[in-house]
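Down below is the structure, laid out as structure tokens.
Proteins come first, then strands; the chains are lettered A, B, ... in the order of their sequence lines, and each starts at number 1. Only a predicted model underlies this, so the values are computations on that prediction, with no experimental measurement involved.
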2 protein chains.
Amino acid sequence: MVTMEDVARLAGVSKMTVSNVVNNRAGVSEPVRRRVLEAIRRSGYRVNVSARTLKSGRTGVIGLAVPDVEAAYFGHLASHVIAEARRRGFHVAIEESGANAGGEADAVTRSRTLQFDGLILSAVALDRLEEPADAHYPLVMLGEQDFGGRFDHVAMPNEEGTHAATAHLADQGCRRIAIVTGGSLEGVNMVSRRYRGYRAALAERGLDADPPLLFVLDDMSMEAGRAAADRLADSGLGVDGVVAVTDTVALGLLRGLADRGLRVPGDVRVAGFDDVPPAAYAVPSLTTVAPDHRWMAAKAVELVVRRIAAPLRPTGRYVAPFQLVVRESSAAG
Amino acid sequence: MVTMEDVARLAGVSKMTVSNVVNNRAGVSEPVRRRVLEAIRRSGYRVNVSARTLKSGRTGVIGLAVPDVEAAYFGHLASHVIAEARRRGFHVAIEESGANAGGEADAVTRSRTLQFDGLILSAVALDRLEEPADAHYPLVMLGEQDFGGRFDHVAMPNEEGTHAATAHLADQGCRRIAIVTGGSLEGVNMVSRRYRGYRAALAERGLDADPPLLFVLDDMSMEAGRAAADRLADSGLGVDGVVAVTDTVALGLLRGLADRGLRVPGDVRVAGFDDVPPAAYAVPSLTTVAPDHRWMAAKAVELVVRRIAAPLRPTGRYVAPFQLVVRESSAAG
DNA sequence: CACGGGAAGTTTATCGGTAAAACGCGGAGC
DNA sequence: GCTCCGCGTTTTACCGATAAACTTCCCGTG
């Protein structure tokens, strides 16, 4: 491995001067700078990040921990986070947390161990951190969970989104609107927030929200969505509209409804949440709540970078803007 | 920050002993080991990875560079790579290369700069490395490109897969089988390999492979697939079967065919490649070539780990096994 | 009873950078 | 002619861990 020392010898200067050139610091004369750059080129030198980090305490890497790299909506987000971070001179390391509290806590620990300068954590399960030592680590919550305001939080428009979707279905003429969701309605989380938005929209319009119109799945997979179609079809509730908690569930549901011979939007109208890429190309294409992922990514990066610079400033909560994208699955009868 | 020195003082031993405990090295008595562990717990100590790396030259991180974290098939792979690497005591850092040669070369540079111990590179565009300095960096090519055997390579069953898909369509009764692809047929790459498999299957059965049955798209997006449906429908070629170069293209195509009122599999049968999750839930569900992603991930990790240990051993090429998953889109008439 | 050998710990010398202080030197000011 | 200044560069002193060499001390053996 070629070190600064080698470059310095080659250029006939001290290694401190090489360091100054590498980091574009002032106080190096033009001829010397050129000599050093030439020596760097000739020798194929690269800085040793470990050595730099050891001395400076900064790695220039931001972690992005997501529940599951397979999840469709994550890719969108990740790619914007990477782009935004690069603009600000940071690298992004993507970590998988597994969609459970233990894995998410581990992600924080790993992030500190690997010395990421900060972490953007998209948690779905974790609702508090044990380690008081983590209290001032630059951490930005992205998505569902917030930790009671202890960290910066970029939130999804959960209530607002399902409210809009539900209202839209009602406007299209639906009268018996079900909600299909997974996970727990206990506590304050993504699912309970989305459920609340749905309830509020129904209440405003004086529509039913019988408990039977709530279908709770084991998880939020496509397969669960597909299975939900059977439960809907067999329920005898006369459901004519469905709000699905995510597009993944909605896409599975569309598939399941097709299997049961129910026509969308003829018999049932469907709306999803996230606007994942396949939503636009499904048959029928899926009406969905489209949060502004680019905005969320940019905000999260901005917040984490700001917090790296100033670990103690007060935290804030920011809700992403969204659009309701109306497509075939909710077309008027 | 609490250092080994602090822990050592607290436990009344030298910091070398602390190091030995932290790394589970032999030669520490049970009582001392317990004292040290207790001191670590009490002080909240964590190793400083930079310091360790600086001295040892190893980071314990494997890079995984993919063209585009948004691409559907990547998530699958990534999540298996992460799991397999963890089993072997490595972390994985996911990097985005952008689907172009410059970005892919950068990914190699970044990987070295960030001192990943090795890199799994899923390249689509790059076909040689400029830097001779990179010649012995532990690098495993995953997917399409190989660099003329200069690196270990875990390959997709490109020819074998489209051969099987094409043969299957023919067996289902298709006589005018088109192929829809994107990118360049020049050189040896994923597209040309898949095209060759298609040609071979047609030739074996004495079916047409007129150049017009080849539809080349600008890229391999869903939108391009959708647009291809128009070209197919307007071609007047009587196409009754389509092999799509990827599931993403195939899903767009299904959507486009629906727009044109063409029934799948009634009027046209369709097969894709990759078996991404939405393929099983599309309407109609998509027949597709399913490479064994878990096998590929495990192989790639095994190879990179082995090469980290022995940078000079001869390289190998390994083709992933696959299954043809037959679904509705190619059902017999 | 002297001696070889291993187990348990400690010391020493680095790994490759960087902040901060020290240095050398030519020119401005009096 | 002497002091002072500031620019460009070098020196010094770490950052926190670890491999390798070294010290103790204890035990078994001939």
Protein-nucleotides 19-23 of chain C N/O pairs under 3.5 Å:
| unit_1 | atom_1 | unit_2 | atom_2 | d |
| --- | --- | --- | --- | --- |
| dA19(C) | OP2 | Arg25(A) | NH1 | 3.0 |

For Asn100(A), give me all partners under side chain to side chain contact (heavy atoms under 4.5 Å, CB included), at least two apart in sequence or on another chain. none
Tell me every residue that passes side chain to side chain contact (heavy atoms under 4.5 Å, CB included) with Ser29(A), counting only those two or more places apart in sequence or in another chain. Pro31(A), Val32(A)
Residue pairs meeting side chain to side chain donor-acceptor pair (under 3.5 Å), one or both in residues 55-66 of chain A, sequence neighbours left out, come to Thr59(A)-Asp117(A)
Identify all pairs in which a protein N or O lies below 3.5 Å from an N or O of nucleotides 4-6 of chain D, and state each distance.
none

Applied to residues 91-100 of chain B, the salt bridge (Lys or Arg N to Asp or Glu O under 4.0 Å) test, sequence neighbours excluded, yields Glu95(B)-Arg110(B)
Among pairs that include at least one residue of residues 17-31 of chain B, which meet salt bridge (Lys or Arg N to Asp or Glu O under 4.0 Å), considering only residues two or more places apart or in two chains? Glu30(B)-Arg34(B)
What parts of residues 2-15 of chain B reach DNA chain C, counting only heavy atoms under 4.0 Å away? Val13(B), Ser14(B)
For DNA chain C, which residues of residues 27-37 of chain A approach it to below 4.0 angstrom with any heavy atom? none
Sequence-distant partners of Asn24(B), side-chain hydrogen bond (donor to acceptor under 3.5 Å, both in side chains), two or more places apart: none
Residues 305-316 of chain B, side-chain donor-acceptor partners within the protein, below 3.5 Å, at least two apart:
| unit_1 | atom_1 | unit_2 | atom_2 | d |
| --- | --- | --- | --- | --- |
| Arg306(B) | NH2 | Glu302(B) | OE2 | 2.3 |
| Arg307(B) | NE | Asp152(B) | OD2 | 2.8 |
| Arg307(B) | NH1 | Pro311(B) | O | 2.9 |
| Arg307(B) | NH1 | Arg313(B) | O | 3.0 |
| Arg307(B) | NH2 | Asp152(B) | OD2 | 3.3 |
| Arg307(B) | NH2 | Arg313(B) | O | 2.9 |
| Arg307(B) | NH2 | Pro314(B) | O | 3.3 |
| Thr315(B) | OG1 | Gly149(B) | O | 2.7 |

At how many degrees, to 10°, do the end axes of the helix from dC1(C)-dG30(D) to dC30(C)-dG1(D) meet when each uses five pairs? 50°
